[in-house]
Amino acid sequence: MTPARRPPPSVDAMSESPPQVAPSPVEPAPTPGIEAIGLRRAFGAVQAVDSITFTAPAGAVTALIGPNGSGKTTLLLLLTGLLKPDAGRANVAGFDITTHNLEARSRVGWMPDVFGTWDALTCTEILRTFAHAYGIDRARSAAVVAETLSRVHLGEFADRPARVLSRGQKQRLGLARALLHGPQVLLLDEPASGLDPRSRIELRDLLRGLAEEGRTVLVSSHVLSELEEVYDHAVFLSRGRTVDTTGPSSEPIKRGWRLDAIDPVGLRTFLDGAGIPWAGQNSGEVIVQLGGYESARELIRAAVAADVPLHTISPVSGRLEETYLSLNEERV
């Protein structure tokens with residue numbers, strides 16, 4: 001039997017609008033950076049982290065400062081997702097470290113203060129092992145490893161076993177491991193430990209470059225003079241708590257920048273006109289208080305636009321140490 005054919009649709013039916021499908025809700029883009037609210041973590045009777053709250057923005061280097069036992073390493077382990085907080089919450093690159101642990105961890109580059117290696121393996125073999133763990137395609141892992149080793153100035157050691165590396169070179173290998181998968185957030189615990197002066201300068205330049213790429217860099221160090229030249233923001237810890245370093249006006253403490261120009265009078269006139277307070281020096285230099293590198297860049301742009309020939313602009317060292325020593329929290 002020949003099946004009956006359906007009549008063609010009528011003109012009216014063809015002209016009808018197709019059924020409307022409700023659009024799928026668009027998930028908001030992850031918020032970059034780090035946001036911690038009321039984080040707590042205890043080990044038995046020891047309250048290592050006690051209601052820590054702070055923000056580390058993307059595109060900046062945030063210094064994590066505190067004495068031994070202040071909770072810095074525990075805090076970093078919480079942010080990496082390797083420890084679970086007892087209370088509070090934290091978002092890393094827009095993902096909650098507890099409810100979206102894997103998503104957060106995949107976006108973090110973690111460098112502990114001591115990086116253990118397989119001494120019999122070469123630097124390339126070690127990093128290719130981690131590349132495989134990170135899920136980097138085997139076809140491109142060799143190029144990624146070579147590029148990362150070059151970035152931390154270990155290219156010439158690519159085929160040498162880890163046992164021949166110095167303490168500082170192993171630190172750089174640990175940094176390479178943290179950078180390997182292109183993380184949005186870098187958590188670095190004493191990264192300059194064991195580095196020679198040249199390597200410390202290279203590390204400073206690398207951290208600034210990573211921040212300028214839009215990454216979030218949170219770095220812990222006891223050597224405040226090293227952080228002075230690289231940080232944009234600072235978080236002070238004491239006895240497991242964040243310490244408020246804001247002044248009476250509730251504005252964050254700014255850091256000093258040293259300015260000098262070919263025409264010192266023109267520079268001071270420009271600063272007066274821009275409403276920027278300054279302190280004079282006998283040499284013609286002036287000191288101004290700025291919020292960080294972005295504020296310094298804005299000042300340079302404004303000075304160039306005003307035809308003020310700046311030839312020196314640099315952070316004044318010692319501000320972190322001055323703030324650290326002034327904390328009442330550290331006085332017994």
Do [X] and [Y] land in one hydrophobic cluster if side-chain heavy atoms of ILVMFWY residues count as linked below 4.5 Å?
X: L78; Y: F43; value: yes
X: V114; Y: L173; value: no
X: I201; Y: L206; value: no

| For T98 and K84, what are the C-alpha separation, side-chain angles and deciding distance, and is it a side chain to side chain contact (heavy atoms under 4.5 Å, CB included)? | CA-CA 7 Å; T98 301; K84 185 177 180 180; 4.1 Å; yes
| pair W110-L79: side-chain heavy atoms closer than 4.5 Å |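 Answer no - side chains too far apart.
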| request: Could you go through the side chain to side chain contact (heavy atoms under 4.5 Å, CB included) check for L75 and V235 one step at a time? | output: CA-CA 12 Å; L75 173 61; V235 176; 5.8 Å; no
Heavy-atom closest contact ([X] atom, [Y] atom, distance):
X: V308; Y: G266; value: CG2-O, 4.3 Å
X: Q171; Y: S193; value: CG-O, 2.9 Å
X: S199; Y: D196; value: N-OD1, 2.7 Å
X: L76; Y: S220; value: CD1-CB, 4.1 Å
X: L180; Y: A131; value: CD2-N, 3.5 Å
X: A178; Y: L186; value: O-CD2, 4.0 Å

| request: Over 60° means perpendicular and under 30° means parallel, so classify the ring planes of H100 and F95, tilted if in between. | output: tilted
| Got more than 12 heavy atoms from elsewhere within 6.0 Å of CG, D137? |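 Buried by this count: over 12 neighbours within 6.0 Å.
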| request: Count the heavy atoms of every other residue, nucleotide or ligand shown that sit under 6.0 Å from CZ of R301, and state whether that count exceeds 12. | output: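 Yes, the 6.0 Å shell around CZ holds more than 12 heavy atoms from other groups.
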| field | Stepwise side chain to side chain contact (heavy atoms under 4.5 Å, CB included) check, L127 with R177 | value | CA-CA 6 Å; L127 291 189; R177 191 280 307 269; 4.1 Å; yes
Distance-only criterion, 3.5 Å: show the donor-acceptor pairs between side-chain atoms of residues 49-66 and protein atoms not counting sequence neighbours.
from	atom 1	to	atom 2	distance (Å)
D50	OD1	R40	NH1	2.5
S51	OG	R40	NH1	3.4
T53	OG1	G38	N	2.9

Sub-3.5 Å donor-acceptor pair from the side chain of [X] to the main-chain atoms of [Y], do we have one?
X: N101; Y: G81; answer: yes
X: S70; Y: P67; answer: yes
X: R208; Y: V230; answer: yes

Expected list for residues 143-164: side-chain donor-acceptor pairs under 3.5 angstrom, two or more places apart:
from	atom 1	to	atom 2	distance (Å)
T148	OG1	V144	O	2.8
R151	NH2	E213	OE2	2.6

| query | Quick one: CD1 on I37 to CZ on R89, what's the gap to the nearest 0.5 Å? | reply | 3.5 Å
| task | Tell me, with the steps shown, if L271 and L259 meet side chain to side chain contact (heavy atoms under 4.5 Å, CB included). | result | CA-CA 11 Å; L271 293 174; L259 305 178; 4.2 Å; yes
